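Structure first, commentary second.
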Amino acid sequence: QVQLVESGGRLVQAGVSLRLSCAASGRPVRTYVMAWFRQAPGKEREFVSAIRWSDGTTSYADSVKGRFTISRDNAKKMVSLQMNSLKPEDTAVYYCAAGPTFGLGRGSYDYWGQGTQVTVSS
């Protein structure tokens, strides 16, 4: 069992930065891949970024590449998503996820947080 809790989402203006955090508890996460997904109203949940805990390998969706950075903190068992140059189209509920393998689809992840709302005003 892995419990994930996201935090940091809020209303911001376009162009600013925001950092989301995902705190993990329960089973050690060192063997997991941690990922961020997002879901805008009326749209499918989409992959944003992921990091393999063991070696730090990362992956990013094209829409956020160069703007978002995923990182991990082993001591805190936390994964962060630094979001820069936010755009209105980044508005969504952002979900933290964990799974045993590195994948880009929802099916690769067994554990999910409840989500945190990010709203970017134009």
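The structure presented is a predicted model; accordingly, all values stated were derived computationally and were not measured.
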Taken to the nearest 0.5 Å, the spacing of Y60 OH from F47 CZ works out to 9.5 Å

Closest non-hydrogen contact found for G99 with Y32 is O-CD2, 3.2 Å

Checklist entry - Under the side chain to side chain contact (heavy atoms under 4.5 Å, CB included) criterion, do V48 and Y95 qualify, and how do the steps go? => result CA-CA 9 Å; V48 176; Y95 296 90; over 6 Å; no

The reported gap from CG in L11 to CD in Q117 (rounded to nearest 0.5 angstrom) is 9.5 Å

Quiz prompt | Shared hydrophobic cluster for V12 and L20 (ILVMFWY, side-chain gaps under 4.5 Å) | solution = yes

* Would F37 end up clustered with F102 when hydrophobic side chains under 4.5 Å apart are linked, directly or stepwise? -> yes

**Prompt:** Counting distance only, does the side-chain N/O of S49 pair as donor-acceptor with the main-chain N or O of S59 below 3.5 Å?
**Reply:** yes

Looking only at heavy atoms, the pair that brings R72 and D55 closest together is NH2-C, 4.0 Å

Minimal heavy-atom distance between W112 and R106, with the atoms involved, is CZ2-O, 3.7 Å

For the backbone of A92 and the side chain of Q39, can you confirm whether one donor and one acceptor N or O come within less than 3.5 Å of each other? no

query: Do Q82 side-chain atoms and R19 backbone N/O form a donor-acceptor pair below 3.5 Å?
result: no

Tightest non-hydrogen contact, residues R38 and S63, listed as NH2-OG, 3.4 Å

**Prompt:** Would you say R52's side chain and T57's backbone share a donor-acceptor pair under 3.5 angstrom?
**Reply:** no

In short, S85 meets S17 closest at the heavy-atom pair N-OG, 4.3 Å

One should read off an interatomic distance between L104 CG and E46 CD, to the nearest 0.5 angstrom, of 12.0 Å

Is L86 reachable from V93 through a run of hydrophobic residues whose side-chain heavy atoms are each under 4.5 Å from the next? no

*How about P100 and D110: do any of their side-chain heavy atoms sit closer than 4.5 Å?*
yes

Taken to the nearest 0.5 Å, the spacing of W53 CH2 from K77 NZ works out to 8.5 Å

Rounding to 0.5 Å, atoms CG (L18) and CE (M83) come to a distance of 4.0 Å

Closest non-hydrogen atoms of A40 and T91, given as atom of the first, atom of the second and distance, are CB-O, 3.6 Å

Open item on the list: Using 30° and 60° as the class boundaries, would you call the ring planes of Y94 and F68 parallel, tilted or perpendicular?
Closed with: tilted

Any donor-acceptor pair under 3.5 Å from E6 side chain to C96 backbone:
yes

#### Entry: Contact check, side chains of M34 and I70, non-hydrogen atoms, under 4.5 Å
no

Same cluster or not: V79 versus V5, using hydrophobic residues (I, L, V, M, F, W, Y) connected whenever any side-chain heavy atoms lie under 4.5 Å apart?
no

| said: Can a donor-acceptor pair be found, under 3.5 Å and without considering hydrogens, that links the side chain of Y109 to the backbone of V33? | reply: no

For E89, the side-chain contact (heavy atoms from CB on, under 4.5 Å) test, sequence neighbours excluded, returns K87

